[in-house]
Amino acid sequence: MADPKGFLTTGRQDWPRRPVGERVKDWAEVHVPGALLPIVERQADRCMDCGIPFCHQACPLGNLIPEWNDLVSRADWHAAAERLHATNNFPEFTGRLCPAPCEAGCVLAINQPAVTIKNVEAAVADRIWADGLAPPRPAGRPSGRTVAVVGSGPAGLAAAQQLARAGHTVAVYERDGRPGGLLRYGIPAFKMEKHHLERRLGQLTAEGVRFRTSTEVGRDVDAVELRGRHDAVVLAVGATAWRELDVPGRELAGVEQAMAYLPLAGRVCAGELDRSPLSAAGRHVVVVGGGDTGADCLGTAVREGAASVTQLDIYARPGAVRDETAEPWPTYPRLYRLSAAHEEAGELRTAPVADADARLFAASTLRFEGDGAGRVRALRLTEVDAERRPLPGTERELPADLVLLALGFSGPERTPGGLLDQLGVELDGRGVLARDDHFATNVPGVFATGDAARGQSLVVWAIAEGRATAAAVDRWLTGTTELPCPITPYDRPMTA
């Protein structure tokens with residue numbers, strides 16, 4: 001604890017964002033480059049080094065937050081990098097994409113703004129690369145065993161890196177043309193530029209991990225044959241089966257899934273496409289769903305030049321302060337938060353029907369109206385009460401020639417005769433991959449990790465899943481393991 005009075009003398013200061021009018025004209029990250037380092041040491045000083053750091057419990061990785069806060073406050077970046085890498089393979093991902101449940105569990109947050117844990121993590125992650133503190137760490141001696149990892153999202157990459165460092169020969173199979181999963185095509189570049197991903201992929205390659213892209217297991221490679229070629233298989237295929245909206249007019253052209261829309265925009269940004277066939281340019285866009293994916297659609301549509309963008313959230317607008325009865329500290333509360341995309345929409349007035357930003361709260365879709373030629377032209381909605389029941393007299397219509405459904409995901413894709421059917425992997429009652437206490441499925445030698453088994457979750461949980469599954473696989477292959485296991489298959493976020 002470098003400054004015992006830091007939390008009393010220093011107020012919270014977040015990483016500043018670039019002006020809205022500037023950042024919506026490009027796809028670069030929204031934060032001011034270089035503006036974090038001048039403030040982060042004093043922000044780390046606000047860490048109280050409390051006797052029982054609940055931030056540890058709020059973070060599934062068990063990040064050693066008070067330790068690297070103290071080291072950053074002393075400008076000992078090398079030691080801070082070592083402490084951060086001790087629990088997190090990819091801090092530049094979590095430092096940008098995680099909603100920071102650790103900050104909700106910060107003891108200071110009981111009656112003050114929490115420590116900027118996420119910003120400190122991002123600063124350390126960036127110094128790691130700037131100072132050359134992330135060299136490849138190949139295993140000293142090969143184990144002679146091989147592991148196939150199916151899927152290259154954060155869970156698959158974390159599992160692959162841990163297993164490779166344990167000495168196993170690892171091949172990662174990815175159906176897209178480039179590895180990264182949703183980190184590459186589902187997360188817009190204005191939230192995380194892809195050079196962060198490319199650097200880690202280069203590190204994994206140098207550590208011996210081999211990537212087999214444009215290869216869908218179950219279609220291009222027989223899953224049973226793959227299992228026979230490897231000593232173990234890790235399924236990290238994600239929960240990409242999106243939820244539908246069963247209302248009249250769903251069949252109209254222009255009503256699309258968010259995860260059909262976002263990857264196309266990402267490919268344009270990466271130079272893989274000249275123009276997205278679902279571009280929002282000049283169109284009236286309505287995003288159905290109030291979560292992060294909906295906000296990603298909002299920010300993307302603004303950058304594509306939409307005529308208007310409105311986001312519908314079926315929940316009532318949350319309050320600005322924690323409800324201590326329903327969501328007591330240190331749980332992660334549902335609060336009114338203004339993401340970068342909502343800040344942009346509010347300043348640019350992309351949704352004249354909304355009050356402060358592009359969101360309409362307590363709003364439910366009734367039906368889509370067509371133009372007579374099979375295309376959507378409007379969305380009919382109603383306000384709802386706390387039980388999601390329509391309120392009489394509140395129906396209205398929004399112009400919409402592009403509707404994006406951002407309603408979340410129900411589990412892994414089930415292609416008839418595909419990967420899961422070929423292996424005979426069982427699902428549990430939630431529709432995700434069933435597994436035992438050791439992350440193992442019902443098929444010997446086949447393990448399940450990440451959203452495919454946990455269900456839709458956060459990037460920090462995905463990395464924790466990958467690390468824990470790698471430890472289980474290593475133990476199954478060798479009878480013992482020195483790899484860390486931060487979570488069990490049954491751990492869940494703290495709730496009241």
Side-chain angles (χ1 to χ4, degrees), residues 1-4 6-7 10 13-15 29 31-50 53 55-56 59-98 100 102-103 106 115-140 154 157-158 161-162 164-166 192-193 195-209 459-460 463-464 466-467 470 482-484 486:
M1 191 174 185
D3 184 355
F7 67 96
T10 303
Q13 187 177 1
D14 288 288
W15 192 357
E29 288 181 11
H31 294 103
V32 177
L36 185 55
L37 290 179
I39 65 173
V40 76
E41 290 177 18
R42 290 202 66 200
Q43 290 300 302
D45 264 341
R46 297 182 69 236
C47 182
M48 301 167 65
D49 194 21
C50 47
C55 55
H56 282 194
C59 175
L61 284 168
N63 279 337
L64 305 171
I65 295 163
E67 295 185 32
W68 41 258
N69 270 330
D70 176 63
L71 293 165
V72 168
S73 73
R74 302 173 190 273
D76 189 345
W77 295 97
H78 190 281
E82 186 276 328
R83 289 285 77 197
L84 184 52
H85 267 150
T87 57
N88 189 349
N89 298 68
F90 314 123
E92 61 271 40
F93 301 167
T94 51
R96 286 168 168 80
L97 304 177
C98 182
C102 53
E103 294 187 15
C106 174
V115 175
T116 56
I117 298 171
K118 179 177 174 178
N119 282 182
V120 176
E121 182 178 35
V124 177
D126 289 349
R127 285 295 295 261
I128 283 171
W129 291 104
D131 295 351
L133 302 177
R137 291 170 46 198
L157 293 179
Q161 184 165 61
Q162 294 293 96
R165 289 176 173 179
M192 189 187 80
E193 294 175 12
H195 68 87
H196 300 292
L197 173 61
E198 295 296 349
R199 289 187 302 202
R200 283 297 176 184
L201 292 173
Q203 183 193 49
L204 266 72
T205 300
E207 291 173 353
V209 177
V459 62
V460 67
I463 297 171
R467 289 171 65 87
E482 295 182 0
L483 295 177

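Note: hydrogens, waters and symmetry copies are ignored here, and every other heavy atom, side chains too, is used.
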Legend entry - 4.5 Å side-chain heavy-atom contact, H78 and L133: yes
Legend entry - Audit row: I463, T94, side chain to side chain contact (heavy atoms under 4.5 Å, CB included) steps and yes/no: CA-CA 9 Å; I463 297 171; T94 51; 3.7 Å; yes
Inset, instruction - Report yes if the side chains of L157 and L201 come closer than 4.5 Å at any heavy-atom pair, otherwise no. - result: yes
Legend entry - Straight-line distance of L64 CG to H85 NE2, nearest 0.5 Å: 13.0 Å
Inset, instruction - Working to the nearest 0.5 Å, report the span between CD of E29 and CH2 of W15. - result: 6.0 Å
Legend entry - Sole residue of V72, N88, L71, V124 in side-chain contact (heavy atoms from CB on, under 4.5 Å) with R83: L71
Legend entry - Nearest heavy atoms of A122 and G95, plus distance in Å: CB-O, 3.7 Å
Legend entry - salt bridge (charged side-chain N to carboxylate O under 4.0 Å, His left out) involving E121 - partner list, sequence neighbours excluded: none
Inset, instruction - Determine whether F7 and V115 make a side-chain contact, defined as any pair of heavy atoms from C-beta on separated by less than 4.5 Å. - result: no
Legend entry - Distance-minimising heavy-atom pair for E207 and P138: CG-N, 4.0 Å
Legend entry - Rounded distance (nearest 0.5 Å) linking atom CZ of R46 with atom OG of S73: 13.0 Å
Inset, instruction - Measure across A206 and P136 and return the closest heavy-atom pair with its distance rounded to 0.1 Å. - result: CB-CG, 3.5 Å
Inset, instruction - Hey, could you give me the CD/OG1 distance between E67 and T87, rounded to the nearest 0.5 Å? - result: 9.5 Å
Inset, instruction - Kindly indicate whether the side chain of P66, heavy atoms from C-beta on, has any atom under 4.5 Å from the side chain of C55. - result: yes
Legend entry - Where A470 and L483 come nearest, the two heavy atoms and their spacing: O-CD1, 3.7 Å
Legend entry - Polar side-chain atom of Q43 near backbone of D14 as donor-acceptor pair, under 3.5 Å: no
Inset, instruction - Measure the CD-CD1 distance between E103 and I117 for me, rounded to the nearest 0.5 Å. - result: 5.5 Å
Inset, instruction - Compare every heavy atom of W68 with every heavy atom of A80, then report the nearest pair and how far apart it is. - result: O-CB, 4.1 Å
Inset, instruction - Sort out for me which residue in Q203, R200, Q162 forms a side chain to side chain donor-acceptor pair (under 3.5 Å) with N89. - result: Q162
Inset, instruction - Output the distance between atom CG (N69) and atom CZ (R74), rounded to the nearest 0.5 Å. - result: 12.0 Å
Inset, instruction - Going by the side chain to side chain donor-acceptor pair (under 3.5 Å) test, name the single residue among E193, R199, E198 that passes it with H196. - result: R199
Inset, instruction - Could you check E92 against I128 for side chain to side chain contact (heavy atoms under 4.5 Å, CB included), going step by step and ending with a plain yes or no? - result: CA-CA 9 Å; E92 61 271 40; I128 283 171; over 6 Å; no
Legend entry - Which residues share a salt bridge (charged side-chain N to carboxylate O under 4.0 Å, His left out) with E41, sequence neighbours left out: none
Inset, instruction - Report yes if some heavy atom in the side chain of L61 is under 4.5 Å from a heavy atom in the side chain of R467; otherwise report no. - result: yes
Legend entry - Atom of N63, atom of C59 and distance for their closest heavy-atom approach: ND2-SG, 3.6 Å
Legend entry - Set of residues satisfying salt bridge (charged side-chain N to carboxylate O under 4.0 Å, His left out) with respect to R42, sequence neighbours excluded: none
